[in-house]
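Structure first, then comments.
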Amino acid sequence: MSTVLEVKELSKKYPKAEKFAADKVSFSVDEGDIFALIGSNGAGKTTTIRMIATLLSPTSGDAVVDGNSILTTPAKVRECITYLPDEAGAYKTMTGYDYLKFMGGLFSDDAETIKKYIAKAEAICGLGDRLKDKIGSYSRGMIRKLLLARAVMTSPKLAILDEPTSGLDVINALEIRNMIKSLASQGMSFLISSHNMLEIEYVSTKIGIISGGKLLVTGSANELKQRYNAENLEEVFERVVKSNEIL
Ligand code: ATP
């Protein structure tokens, strides 16, 4: 299986900060992987993700997406990723359909290609006729589905999703998780961040636990539960973070 993302000792120290927000973070994501970065508030998830998404420059280290370095070829990296921040919104006065068309136009000048993007997004989001309505009339769950469909309609190699289901009800969250799993089974790779351990356990193929800017452990949910003799991921998380505090 080919490696889509290789993160190599990626570090970030914000100006005037005493500590590194990300400290030599290294991990890899293979084709079809759903890699979940988990950590407490301020652990360094967003900093790490934003560097990989080429929105923040690293202090040191590198990340390579589909053979392209974020340092030397950031434009190439942007061609093969999509990034959906947790606070992302959509234009409320546009219809869902017009929004997809508008966003498709940012990725291609070719009408046929844009049509293909829209058809893919329509199939993924499951909003049906509601795509003809203005986004201002959508629920939070509908907006999130539209945004996710928009993010993946161009078939990026790597989709980076910050808190993909935050604030959604159980059914909408489950639908989004299933969307992610289905796309991954077709070969798309995901890097997600979440505070929801149930979600992580359900959706991820690999997990990285980050604390104080350091990536402490990586492995699948089952591997980590076995390694830490834990019943669930919350226990794993607590044990990993606490043992690191003691060190
Ligand atoms: P959360 O779960 O709360 O979103 P996080 O794991 O995404 O947290 P980051 O936002 O990456 O954490 O923050 C890591 C550290 O870097 C924190 O100590 C934070 O205060 C600091 N930090 C983040 N952004 C900046 C910034 N622009 N300038 C200075 N320090 C920052």
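When a ligand or atom number is given, it counts from 1 through the structure's own listing order.
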Q.
Would you say NZ of K214 has more than 12 non-hydrogen atoms from neighbouring residues, nucleotides or ligands within 6.0 angstrom?
A. no
Q) Just wondering, are more than 12 heavy atoms of other shown residues or ligands nearer than 6.0 Å to CD in Q186? A)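 Correct, the count exceeds 12.
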Considering non-hydrogen atoms of the protein only, which is the closest contact for [atom], and what is the distance?
{"atom": "atom 9 (P) of ligand 1", "answer": "T47 OG1, 3.6 Å"}
{"atom": "atom 4 (O) of ligand 1", "answer": "T46 OG1, 3.7 Å"}
{"atom": "atom 2 (O) of ligand 1", "answer": "K45 NZ, 2.8 Å"}
{"atom": "atom 3 (O) of ligand 1", "answer": "N41 ND2, 3.0 Å"}
{"atom": "atom 17 (C) of ligand 1", "answer": "G42 O, 3.7 Å"}
{"atom": "atom 27 (N) of ligand 1", "answer": "Y14 CE2, 3.7 Å"}

Q. Under 3.5 Å between some N or O of ligand 1 and some N or O of G44?
A.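 Yes, at least one N or O pair falls under 3.5 Å.
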Q | Contact (N/O only, under 3.5 Å) between A21 and ligand 1 | A |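 No, no N or O pair falls under 3.5 Å.
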Q. Quick one: does atom 19 (C) of ligand 1 have a protein heavy atom under 4.0 Å from it?
A.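 Flag for atom 19 (C) of ligand 1 set to false, no protein heavy atom closer than 4.0 Å.
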Q) Is it true that L106 and I135 fall in one hydrophobic cluster, defined by side-chain heavy atoms closer than 4.5 Å? A) yes
Q: May I ask you to identify, for S40, whether its side chain, its backbone, both or neither come under 4.0 Å of ligand 1 on a heavy-atom basis?
A: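 It is the backbone that gets close, since no side chain atom is under 4.0 Å.
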**Q.** Part of K19 with heavy atoms under 4.0 Å of ligand 1, whether side chain, backbone, both or neither
**A.**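 Answer for K19: neither.
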Q: Taking only heavy atoms of A43 into account, list the atoms of ligand 1 that are under 4.0 Å away from them.
A: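 Numbered from 1, ligand 1 contributes 5 (P), 6 (O), 12 (O).
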Q | Atoms of ligand 1 close to H195 [distance to a heavy atom under 4.0 angstrom, numbered from 1] | A |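 That gives atoms 2 (O) of ligand 1.
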Q) What orientation do F27 and F35 show, parallel under 30°, tilted 30 to 60°, or perpendicular over 60°? A)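 F27 and F35: parallel rings.
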**Q.** Cation-aromatic face contact K181/Y202, 6.0 Å, 45 degrees
**A.**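 Checked: cation-pi criterion met.
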Q | Closest heavy-atom pair and its distance - M188, S155 | A | CE-CA, 4.0 Å
**Q.** Closest heavy-atom pair and its distance - A230, V236
**A.**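 Smallest heavy-atom distance, with atoms named: CB-CG2, 3.6 Å.
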Q: For S137 and K134, indicate whether the former's side chain and the latter's backbone hold a donor-acceptor pair under 3.5 Å.
A: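 A pair under 3.5 Å: yes.
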